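Here the structure is a predicted model, which is why all the values come from computation and not from measurement. Chain A is the first sequence line, chain B the second, and so forth, proteins listed ahead of strands; every chain is numbered from 1.
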4 protein chains.
Amino acid sequence: MAGPGTTETGAAARETGAAGRGAAGASGAGSPAPRGRPRSEQADRAIMAATLELLAERGVAGMSIEEVASRAGVGKATIYRRWSSKGALALDAFLGEFKQQQPLPDTGTLRGDLRAELRAWVRAVTRTPAGRMLGDLIGAAQHDKDLAATYRERVLEPLRQQHRIMLDRAIARGEIPAGTDREVVLDLLFGAAQHRLLLGHLPLTDRFVRDVVEVIVAGIQSPAPS
Amino acid sequence: MAGPGTTETGAAARETGAAGRGAAGASGAGSPAPRGRPRSEQADRAIMAATLELLAERGVAGMSIEEVASRAGVGKATIYRRWSSKGALALDAFLGEFKQQQPLPDTGTLRGDLRAELRAWVRAVTRTPAGRMLGDLIGAAQHDKDLAATYRERVLEPLRQQHRIMLDRAIARGEIPAGTDREVVLDLLFGAAQHRLLLGHLPLTDRFVRDVVEVIVAGIQSPAPS
Amino acid sequence: MAGPGTTETGAAARETGAAGRGAAGASGAGSPAPRGRPRSEQADRAIMAATLELLAERGVAGMSIEEVASRAGVGKATIYRRWSSKGALALDAFLGEFKQQQPLPDTGTLRGDLRAELRAWVRAVTRTPAGRMLGDLIGAAQHDKDLAATYRERVLEPLRQQHRIMLDRAIARGEIPAGTDREVVLDLLFGAAQHRLLLGHLPLTDRFVRDVVEVIVAGIQSPAPS
Amino acid sequence: MAGPGTTETGAAARETGAAGRGAAGASGAGSPAPRGRPRSEQADRAIMAATLELLAERGVAGMSIEEVASRAGVGKATIYRRWSSKGALALDAFLGEFKQQQPLPDTGTLRGDLRAELRAWVRAVTRTPAGRMLGDLIGAAQHDKDLAATYRERVLEPLRQQHRIMLDRAIARGEIPAGTDREVVLDLLFGAAQHRLLLGHLPLTDRFVRDVVEVIVAGIQSPAPS
DNA sequence: TCTTAACCGAGACGGTACGTCAAGTCTTCCT
DNA sequence: AGGAAGACTTGACGTACCGTCTCGGTTAAGA
């Protein structure tokens, strides 16, 4: 699912990837026949492993394609064939690590759900190399439109989709008004946390998680008197 | 106040700066005998101008010291004598532009103050090149500890200091409880906005400003029922 | 005669080529049984055509097997199966073009024969792409022992064999002494011309041809007084 | 005199070289003031030494700029700043070795002079790495116009200039006709020898030297009967 | 008719070297 | 001693080809 090539920003190799997964169905459908020698899955794995290693050691900026190739025992071209930039490679490597760490909790109350969710996020970014990677990636995305788009599509949106479900459940339970702008709520929740992650001015404590959730839950439950 | 050299993170040129401020003269007077040719203020200005130009054109990552030097008609060493890294240079250039755009409003209500403040920030980052620079700087700070520290010290803290005053006034007016954690409030306020700036998933509209402020003000005014 | 495979310097494919042309007879001879799909003659032709095109456009050094394959609509392996190196391929392509342009004249006098022969050579190398190819090939042969050997065997020797006949006829006619070293004569004749071709310091004019022949003929007819 | 940079085919660094030679006259003349850090002579020497080593080991084609740089303990850019191509670098390295080995003999007779001269050339190309380099250079010059021009200018012409003097002395002595085309004579002399060097079909023996000279001397002394 | 062997085009593989760029430092002459 | 210039070493960039190796698919001759 999180296979290589998916972060591709160039156009070229899409078909190959698609063919590798859909492929050769008996139906006459669109798979365009994967000609030539197929891409080596072992190379995929070696590149991913080397990338994660270097990402943890030195961050996105400190890592070079050259060294990824050398550690993976792979030619540079083999990497460039799959990913169009360092950022895309790093993002794919990051995704594999980060994604499954973000569960969809269901505690029965909005407060409980938000706390669990934010706590999981905080844990992932403070206890694993994912935090550094995430900061680096957001940094790299500032001057790489493609990377930014891919980040939104592959990291941000899937997460937010999960989170919207939590809010929808709270609405269904009558905890919060139906008209609540879910986007704003999510920006407040993760924005505050990401702020501390990126700037490092204050620590991401459990206390912080609780306070943030408290303000938000209170804020949307009882609209302020004008 | 925002003169060159102040962002220095490396060790090299410190002495000069220190000498400029502290003494070393045997005499009681302050002047520490500035031997040699004094630094050219014209060079300072030319470097700043060239940096701003390039920053707007290409962002922090796309700009090279080499080109700044060439555009400013200045030797590379002249830049390195004043700033220890690309980030430090960019930050100084950014500060001159950004700082004065953040006023301390006093509308009489917390809601009004927060709105005015956040709106000013949004305006600055969406209507001027400052937005791009800010994102780039935060990005660069992810793999540059010195730059990160300087950013907190020179950009973040001064701003937050202003904002704490707003909150203190609200407490004094009895609008919000005295025990309110001002840091959390500020992280929510600017975290949400910065989230949208950095990730670009949604626009920074006036509506967004209003909604964010509304949730926060409500959240801290009336603590949620357990 | 100038079919593909003949320039092979490696050992591998010899048998195949031989079998393809001779062989397969029911007779008791050693026919090694040419099993499998026979080599495509169309591929041969396409490769030759593409090679000649590129040779004329860019010379030996500027041509890549990769592009030959692509222009010929052929896999790289199909080329490597037939020729062991770029030089061998280029030499075969060159031979087809060059060989038939070198006739064996018979004017009745040594002077006439030499003139006709050298003039034909000069014409071939100045009026057709053969000149450039020849220079390139000799150049490539400087660091490719196999190519050098093949060049001598397939280009130089056949030509010199022809030329020795001219000299033998002159000896038979009594024009020149029987003890004349034919090799030295030929080295003088073609060495001088090739010198100008390779170095390009002076043009290969008819006047030059005449003068060269004149000196040589005079030099071998009447040995200099000690 | 044979300093680096002189073989430059690009335009850039000329001034430096010029300044190095003309330079700094007290007069107001054209010296363009050699600003910036001067080029390191030690780097020059290290590059030359490494180039000669590799040239002898592997020839022009087998040598890479990358390895020259690494052996010389020098950045690639430092080489590219001085020479525009591998050929130019090799030629400069070759020149230093080859040039002084070609004396101007004066034996009193044309035959003696030519023999001495050709023998010296043969000795240089068969007994030292110069022979291989020379072949390689001529080969490389086939697809490098700049290199070819430089070769003619720096290697061929100086040598021929010397040789023309020998012929002029022979004319002055009345050994050969005043109208003799000296260019043709030289092309015959060195063409024949170079032919054997480049193609390697026959050895460059003393016997060969003698025979070649004999034919040429006889050929120009007594014009053949029509 | 069915193997089976060698071919076919395509294209990925691990590599090497390319020529360029920018980094931050050093060295010269000039002010 | 600062300044402009431009050299220095280092190291990564992304590209082009190298010669080899799979793929899925022909195309014969021999069983």
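A straight line from CH2 of D:Trp83 to C1' of E:dG19 spans 17 Å, rounded to a whole angstrom. In this structure, the CZ atom of D:Arg58 is 8 Å from the P atom of E:dA17, given to the nearest Å. Atom CD1 of A:Ile79 is separated from atom C1' of F:dT15 by 15 Å (rounded to the nearest Å).
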Readout for nucleotides 22-31 of chain F: B = base within 4.0 Å of protein heavy atom, S = sugar-phosphate only, - = neither; 5' to 3' it is BS-BBB--S-

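Residues passing the salt bridge (charged side-chain N to carboxylate O under 4.0 Å, His left out) test with A:Lys76, sequence neighbours excluded: A:Glu66.
Residues C:Asp144 and C:Ser85 approach most closely at OD2-OG, 4.1 Å, considering heavy atoms. Contact detail for A:Ile79 and A:Val68: the closest heavy-atom pair is CD1-CG1, 3.7 Å. Pairing each heavy atom of A:Ala43 with each of A:Thr78, the nearest pair is CB-CG2, 4.2 Å.
Comment: A:Arg82 engages A:Asp44 in a salt bridge, judged by a side-chain N to carboxylate O separation of less than 4.0 angstrom. Ion pairing of D:Arg71 with D:Glu57 is present here, as a side-chain N (NZ or NE/NH1/NH2) and a carboxylate O approach within less than 4.0 Å.
Sorted by residue number, the members of residues 65-73 of chain B with any non-hydrogen atom under 4.0 Å from DNA chain F read B:Gly73.
Each of A:Ser40 and C:Ala43 has a nearest nucleotide on DNA chain E; the 5'-most of these lies closest to C:Ala43. Nearest-nucleotide positions on DNA chain F place B:Glu41 closer to the 5' end than the other of B:Glu41 and C:Lys86. Two residues, A:Val74 and C:Thr78, neighbour DNA chain E, and the one matched to the more 5' nucleotide by heavy-atom proximity is C:Thr78.
Within the 4.0 Å cut-off from OP1 or OP2 of E:dG11, not a single side-chain nitrogen or oxygen of A:Arg39 is found. Put simply, D:Arg82 has a side-chain N or O that comes within less than 4.0 Å of OP1 or OP2 on F:dC8.
Taking CG from D:Leu54 and NZ from D:Lys86, the interatomic distance works out to 10.5 Å, rounded to the nearest 0.5 Å.
Side-chain atoms of C:Leu89 and C:Ile65, non-hydrogen and from C-beta on, do get closer than 4.5 Å to each other. With contacts defined as side-chain heavy-atom distances shorter than 4.5 Å, the pair B:Leu91/B:Trp83 does not qualify.
A donor N or O paired with an acceptor N or O is found under 3.5 Å between the base of E:dG19 and the side-chain atoms of D:Lys76.
The C:Tyr80 side chain lies nearest to F:dC18 when the options are F:dC8, F:dT9, F:dC18.
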